[in-house]
Amino acid sequence: MITTINNKHNKLNVPNLRFPEFQGEWEEYKLEDITAEIGDGIHATPIYDDNGTFYFVNGNNISEYGITITESTQKVTAEEALRNNASALNSYSILLSINGTVGNVALYKNESIMLGKSACYINVSSNINRNYIFYYLMMPKCQFYFTSELTGTTIKNLSLKSIRKTKVLLPNANEQSKIARLFDAINERIATQNKIIGKLQSLIKGLEDKILDNPLWEKTYLRSFMQFFSTNSLSWEQLSYEEGEIRNLHYGLIHGFQTRGINSASLPMIKNEAIPKQYTLCQVGDVAFADASEDTGEIAKSVEFVDTIEGDTVCGLHTIHGRDVKDRTVVGFKGFAFNSRYFHNQIKRLAQGTKVFSITANNLSSCYVYLPDLETQKAIVNLLKTYEAKLLVSKRLLEHYEKQKQYLLRQMFI
């Protein structure tokens with residue numbers, strides 16, 4: 001049980017929420033007073049070795065759920081790592097990103113790593129609960145302090161001096177431990193929810209790719225049943241979530257949608273003075289493609305209008321607006337088919353550009369999909385929509401856990 005402290009002006013060093021069995025004020029320290037060592041990684045380029053057993057970790061590898069290793073993470077030998085800072089890390093270490101990406105924290109869990117200059121290690125004193133400090137550093141007030149201490153113009157940097165001067169409020173050891181266990185439980189729940197989401201996403205993508213890539217169905221080119229319409233080029237400054245009569249689908253929203261199908265109720269509106277003279281209204285079953293992306297994996301990502309369109313809606317900047325004018329597909333099928341692997345492989349071969357990749361309506365017209373009969377399409381849509389509904393519920397539950405955690409971080413620490 002957690003109780004709310006009736007402390008209107010919060011003059012005492014106590015949090016707004018507290019376990020009822022604990023009393024008394026918390027003591028204020030500087031982080032350097034409760035740590036054995038605070039340091040950062042090497043400022044030079046190490047000697048990389050593809051056969052190395054240690055990963056070279058920087059700030060962008062650090063997150064509260066652990067150290068993230070990607071395909072691009074470089075390796076070094078054990079000798080190279082130990083020659084530098086690997087030996088400084090121990091079971092009391094917390095990692096903090098301090099350059100470029102600033103403020104991310106992770107618990108060191110005996111991984112074989114060597115730190116670069118954008119990663120800092122904080123070795124907490126043995127008489128202090130390391131997990132308590134870990135969560136304290138996530139607190140919004142602490143993160144705000146880090147932001148206020150940043151230096152640099154293009155690339156922001158948090159100095160070791162500022163980190164050492166970070167103010168930390170400490171309760172007694174038992175209260176530290178109980179607070180840490182509470183956040184450990186929340187983090188475990190969030191991690192479990194992320195695993196559920198990951199499995200559902202893999203399942204949906206696997207089903208989508210396996211079912212829809214079927215050469216036994218009719219190979220149908222988009223030019224034979226799709227018509228494409230002109231779209232507007234309105235910027236975000238010409239849109240509003242508060243005023244307007246016509247809703248507008250911006251390509252940035254397509255990249256952010258969590259499912260293949262959308263309705264129009266969540267879209268921003270065109271400000272009255274920015275309404276274009278000519279436009280084509282979207283209909284249920286229409287598809288919008290994002291025609292540009294910095295990532296070839298996101299080129300021509302599409303969404304389909306699957307529900308009743310509330311009011312007038314148009315497609316906007318960097319979108320391609322398509323419609324099945326031959327009734328070859330059921331509503332919902334195109335959203336899955338146009339995001340399948342075999343369709344997207346065609347897009348990647350046609351995408352143009354270097355830093356930013358793009359696709360045209362003419363390119364899309366030359367691509368094909370495999371089309372079964374309409375009844376089979378309905379069955380496929382119903383199956384995939386069932387899993388997407390579960391995915392959406394799982395993501396909303398994750399958002400709830402994240403909000404709960406942020407609330408407690410604000411209220412349980414001063």
Side-chain angles (χ1 to χ4, degrees), residues 10 12-15 18 22 24-43 57-59 61-67 85-109 113 115-152 156-184 187 405-406 408-414:
N10 203 26
L12 300 175
N13 283 340
V14 293
R18 198 173 187 187
F22 297 107
E25 298 183 19
W26 292 9
E27 297 293 330
E28 183 177 287
Y29 296 87
K30 293 177 182 176
L31 193 57
E32 64 185 352
D33 297 329
I34 55 173
T35 53
E37 184 180 5
I38 296 176
D40 60 1
I42 66 167
H43 289 235
V57 167
N58 273 297
N61 297 104
I62 296 172
S63 81
E64 61 188 280
Y65 301 109
I67 297 168
N85 54 29
S87 60
L89 304 178
N90 56 47
S91 60
Y92 299 103
S93 298
I94 297 172
L95 305 181
L96 173 68
S97 61
I98 59 173
N99 183 268
T101 300
V102 176
N104 288 350
V105 290
L107 291 171
Y108 175 67
K109 299 177 181 178
I113 61 172
L115 300 182
K117 67 178 182 179
S118 63
C120 160
Y121 61 90
I122 301 167
N123 293 347
V124 179
S125 298
S126 59
N127 62 328
I128 304 295
N129 188 295
R130 179 181 71 147
N131 285 29
Y132 173 87
I133 302 300
F134 169 64
Y135 294 115
Y136 192 94
L137 295 177
M138 293 184 205
M139 178 183 62
K141 185 177 179 180
C142 196
Q143 290 285 318
F144 178 79
Y145 166 74
F146 291 155
T147 301
S148 70
E149 291 290 303
L150 294 179
T151 59
K156 300 297 183 181
N157 180 73
L158 180 64
S159 70
L160 294 181
K161 178 181 178 181
S162 295
I163 296 168
R164 294 185 178 108
K165 302 303 179 186
T166 303
K167 293 181 180 178
V168 177
L169 290 157
L170 284 182
N172 64 45
N174 289 335
E175 192 168 3
Q176 288 177 43
S177 178
K178 190 155 188 177
I179 291 172
R181 288 199 304 271
L182 170 65
F183 282 103
D184 285 344
N187 257 15
K405 177 181 174 180
Q406 289 304 313
L408 290 173
L409 283 172
R410 288 193 303 269
Q411 300 298 322
M412 292 199 73
F413 300 106
I414 300 171

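Model, not experiment: these values are computed from the prediction.
Looking at Ser177, its side chain never comes within 3.5 Å of a backbone N or O of Asn174 through a donor-acceptor pair. With Arg410 contributing its side chain and Pro140 its backbone, the two residues share no donor-acceptor pair below 3.5 Å.
Contact check for Asn129 versus Val124: no side-chain heavy atoms found under the 4.5 Å cut-off. Using a 4.5 Å heavy-atom cutoff, the side chains of Leu170 and Tyr132 are in contact. Residues Leu31 and Arg164 form no side-chain contact, since every pair of their non-hydrogen atoms from C-beta on lies 4.5 Å or further apart.
With rounding to the nearest 0.5 Å, the separation of CG in Leu89 from CD1 in Ile94 is 12.0 Å. Residue Leu96 holds its CG atom at 6.5 Å from CG of Leu137, rounded to the nearest 0.5 Å. Rounded to the nearest 0.5 Å, atoms CD1 (Ile179) and CG (Leu409) are 11.0 Å apart. Put simply, CG on Leu408 and OH on Tyr135 are 12.0 Å apart, with the number rounded to the nearest 0.5 Å. The OG atom of Ser118 sits 7.0 Å away from atom CD1 of Ile98, with the distance rounded to the nearest 0.5 Å. In this structure, Leu158 CG and Thr166 OG1 are separated by 7.0 Å, a value rounded to the nearest 0.5 Å.
Residues Met412 and Leu182 come closest through the heavy atom pair SD-CD2, 3.4 Å. Scanning both residues, Ser162 and Glu149, for their nearest heavy atoms gives OG-OE1, 2.7 Å. Nearest approach of Ile113 to Leu115, heavy atoms of both residues: CD1-CD2, 4.0 Å. Across every non-hydrogen atom of Asn123 and Ala88, the tightest pair is ND2-O, 2.9 Å. Among all heavy-atom pairs drawn from Met138 and Gln143, the shortest one is O-CG, 3.6 Å. Pro171 and Gln176 get closest at one heavy-atom pair: O-NE2, 3.0 Å.
Legend: residues meeting side-chain contact (heavy atoms from CB on, under 4.5 Å) with Lys156, ordered by chain and number and at least two apart, are Leu150. For Thr35, the side chain to side chain donor-acceptor pair (under 3.5 Å) test picks out no residue, with sequence neighbours left out. Not counting sequence neighbours, Thr147 has no partner by the side chain to side chain donor-acceptor pair (under 3.5 Å) test. Under the rule for a side chain to side chain donor-acceptor pair (under 3.5 Å), the partners of Glu37 that lie at least two apart in sequence or sit in another chain are Tyr121.
Shown here is Tyr65, whose OH atom has more than 12 heavy atoms of other residues, nucleotides or ligands within 6.0 Å. For OH of Tyr92, the number of neighbouring non-hydrogen atoms (other residues, nucleotides, ligands) closer than 6.0 Å is 12 at most.
Applying the salt bridge (charged side-chain N to carboxylate O under 4.0 Å, His left out) test to pairs two or more places apart or on separate chains, those with a residue in residues 167-177 are Arg18-Glu175.
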Determine, stepwise, if the pair Thr151 / Ser159 fulfils side-chain contact (heavy atoms from CB on, under 4.5 Å). CA-CA 8 Å; Thr151 59; Ser159 70; 5.8 Å; no
Using the rule given for side-chain contact (heavy atoms from CB on, under 4.5 Å), can you reason through Ile128 versus Tyr29, listing the C-alpha separation, both sets of side-chain angles and the distance that settles it, and then say yes or no? CA-CA 12 Å; Ile128 304 295; Tyr29 296 87; over 6 Å; no
Which donor-acceptor pairs under 3.5 Å do the side chains of residues 99-108 make with protein atoms, sequence neighbours left out?
from	atom 1	to	atom 2	distance (Å)
Asn99	ND2	Asn157	OD1	3.3
Asn104	ND2	Ile62	O	3.3
Tyr108	OH	Glu111	O	2.8

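Taking the six-membered ring where the residue is Trp, Phe413 and Phe183 present parallel rings, their angle staying beneath 30° rather than reaching 60°.
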